[in-house]
Amino acid sequence: MALWPRTRRGYTTGALALTAALALSACGSSTETGTTGASSSAPATAAGGVTLVSPGKLTTCTNLPYPPFQSKDASGKVVGFDVDMIDLAAKKLGVTQDIVDIDFDSIKGGAALSAAKCDVAAAGMTITEDRKQHLDFSNPYFDEVLGLVTKKGAGVPTLEDAKAKNLSVGVQAGTTSLTLAKQKGIEAKEFKDSGKLLLALQSGQVDMVIQDLPVVVEWMKKPNVSSAYELSGQVPTHAQYGFAVKKGNTALLKVINDSLAEAIKDGTWTKEYQEWMGAAPVTTPTPTS
């Protein structure tokens, strides 16, 4: 059972027990999925004077797969916690959400938003000072805790232990997991997405991987993973996730923040959290966070 502390601004310190054995049912959503990016037509204006890159759509850039925040279900539809949260903003604008799968580097550096490939970025993305130079972030909506995954019985609960044992470590490229590894003096191998990172562990390319805890919990629901691998340790970073818009897009940012605040206040945030994380949160952010 993994303990998930809540330590970010606007949250009360607490812990969340995540049970990997619980089955995760997919939330219903009106979200449309796309793969080719925004329409080439002129920008359109939605409710509240928000300018969108495609008429009638709130276009979201993400990086698949990243369950439980966003991944494809059996029908090929993109679903997840982030998807449902952005759906609330789309509803407020009177449009539907369209999702574009794109490299994470293009998201975190602001290139995708600046090139009008999308209106908002939702990718389980940590708010960092460097990223804030290129993006405007929403209010925080999730704590970041990283999980360490190794073969069962490896006895490596910390990155210090991994370094001492000279273990090879894998991370998802461009993420805070890479930053953490560098801080610990570890030269980690980088992989394009979470799926490739897990395959690297399973194929023996690396001895340990560092990944966001909710993603690890999703991995452990697969018998072929949990039978051979384990969550060997956790690293609370005290960082936060946020949604991002192009710098200066205050109108859209306000809609996203307002929809998040309403979801927290009316219990929608808690309901979706429980649906996607497999357990109810011990605490929730305040509506004004």
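Being a predicted model, the structure only gives us computed values, none of them experimental.
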Enquirer: I need the single residue from V156, V171, L201, D161 that forms a side-chain contact (heavy atoms from CB on, under 4.5 Å) with M208. Which is it?
Expert: V156
Enquirer: State plainly whether the residues K192 and D103 are in salt-bridge range, i.e. N to O under 4.0 Å.
Expert: yes
Enquirer: Relative to each other, are the rings of F81 and W269 parallel, tilted or perpendicular (30° and 60° limits)?
Expert: perpendicular
Enquirer: Could you tell me if the side chain of K57 sits less than 4.5 Å from the side chain of L52, heavy atoms only?
Expert: no
Enquirer: Using a 3.5 Å distance criterion without hydrogens, assess whether the side chain of K152 forms a donor-acceptor pair with backbone atoms of S226.
Expert: yes
Enquirer: If you apply the rule side-chain contact (heavy atoms from CB on, under 4.5 Å), what do you find for Q234 with L146, and how did you get there?
Expert: CA-CA 6 Å; Q234 297 180 42; L146 302 179; over 6 Å; no
Enquirer: Give a yes or no on this: more than 12 heavy atoms of other residues, nucleotides or ligands lie within 6.0 Å of atom CG of N166.
Expert: no
Enquirer: Looking at E129 and K132, does any basic side-chain N land under 4.0 Å from a carboxylate oxygen?
Expert: yes
Enquirer: Taking R131 for its side chain and G109 for its backbone only, find out whether a donor-acceptor pair lies under 3.5 Å.
Expert: no
Enquirer: For the pair D207 (side chain) and S168 (backbone), establish whether a donor and an acceptor sit closer than 3.5 Å, ignoring hydrogens and angles.
Expert: yes
Enquirer: Do K72 and L64 come close enough that some side-chain heavy atom pair is under 4.5 Å?
Expert: yes
Enquirer: Answer yes or no: are there more than 12 heavy-atom neighbours, outside K246 itself, under 6.0 Å from its atom NZ?
Expert: no
Enquirer: side-chain contact (heavy atoms from CB on, under 4.5 Å) between Q202 and V225: does it pass, once the steps are laid out?
Expert: CA-CA 8 Å; Q202 293 175 307; V225 177; 3.6 Å; yes
Enquirer: Answer yes or no: is there a donor N or O on one side and an acceptor on the other, between the side chain of S232 and the main chain of L148, under 3.5 Å?
Expert: yes
Enquirer: So do Q211 and L197 actually touch side chain to side chain, heavy atoms under 4.5 Å?
Expert: yes
Enquirer: Is the closest basic N to carboxylate O distance between D258 and K254 below 4.0 Å?
Expert: yes
Enquirer: Any luck finding a side-chain donor-acceptor pair between D212 and Y66 under 3.5 Å?
Expert: yes
Enquirer: Can you measure from NZ (K91) to CD1 (I86) and round to the nearest 0.5 angstrom?
Expert: 15.0 Å
Enquirer: Taking atom types as modelled and ignoring hydrogens, do the side chains of N63 and Q172 form a donor-acceptor contact shorter than 3.5 angstrom?
Expert: yes
Enquirer: Looking only at atom types and distance, does a side-chain atom of D119 sit under 3.5 Å from a main-chain N or O of L58, one as donor and one as acceptor?
Expert: no
Enquirer: Side chain of K189, backbone of Q205: donor and acceptor closer than 3.5 Å?
Expert: yes
Enquirer: For the residue pair Y241 and F69, is the inter-centroid distance of their aromatic rings smaller than 6.0 Å?
Expert: yes
Enquirer: Less than 4.5 Å apart, any side-chain heavy atom of S138 and any of L253?
Expert: yes
Enquirer: So, do V149 and M220 sit near enough that their side-chain heavy atoms are less than 4.5 Å apart?
Expert: yes
Enquirer: Is D136 reaching over with its side chain to a backbone N or O of G248, donor-acceptor style, under 3.5 angstrom?
Expert: yes
Enquirer: Are V206 and L167 connected in the hydrophobic side-chain network, where two residues link if heavy atoms are under 4.5 Å apart?
Expert: no
Enquirer: For W276 and D84: C-alpha separation, side-chain torsions, deciding distance, then whether side-chain contact (heavy atoms from CB on, under 4.5 Å) applies.
Expert: CA-CA 10 Å; W276 290 107; D84 287 351; 2.9 Å; yes
Enquirer: Among the clusters formed by ILVMFWY side chains lying less than 4.5 Å apart, do V215 and L180 turn up in the same one?
Expert: no
Enquirer: In Å and rounded to the nearest 0.5 Å, what is the NZ to OG1 distance from K184 to T179?
Expert: 13.0 Å
Enquirer: Using distance alone, with no hydrogens and no angle criterion, decide if D73 and S75 have a side-chain donor and acceptor under 3.5 Å apart.
Expert: yes
Enquirer: Is there a path of hydrophobic side-chain contacts, each under 4.5 Å between heavy atoms of I, L, V, M, F, W or Y residues, that connects V50 with L88?
Expert: yes
Enquirer: When the aromatic ring centroids of F243 and Y141 are compared, is their separation below 6.0 Å?
Expert: yes
Enquirer: Is there a side-chain contact between L113 and L135 in this structure, where contact means two heavy atoms from C-beta onward sitting under 4.5 Å apart?
Expert: yes
Enquirer: Has the side chain of D98 got a donor or acceptor atom that lies under 3.5 Å from a matching backbone atom of T59?
Expert: no
Enquirer: If hydrophobic clusters are built from ILVMFWY residues whose side chains come within less than 4.5 Å, do V217 and L198 share one?
Expert: yes
Enquirer: Under a 3.5 Å threshold, yes or no: a donor from one side chain and an acceptor from the other, between T176 and E144?
Expert: yes
Enquirer: Quick one: do I102 and V53 end up in the same hydrophobic cluster if we chain Ile, Leu, Val, Met, Phe, Trp and Tyr together by side-chain heavy atoms under 4.5 Å apart?
Expert: no
Enquirer: So do the side chains of C61 and V120 get within less than 4.5 Å of each other, counting heavy atoms only?
Expert: no
Enquirer: Determine, for K151 against E230, whether the closest basic-nitrogen to carboxylate-oxygen distance falls under 4.0 angstrom.
Expert: no
Enquirer: Looking at P65, is its backbone amide N or carbonyl O close enough to the side chain of S194 to form a donor-acceptor pair, meaning the two atoms are under 3.5 Å apart?
Expert: yes
Enquirer: Please determine if E218 and K221 form a salt bridge, counting it only when a charged side-chain N lies under 4.0 Å from a carboxylate O.
Expert: yes
Enquirer: Is there a side-chain contact between Q70 and T62, using heavy atoms and a 4.5 Å cut-off?
Expert: yes
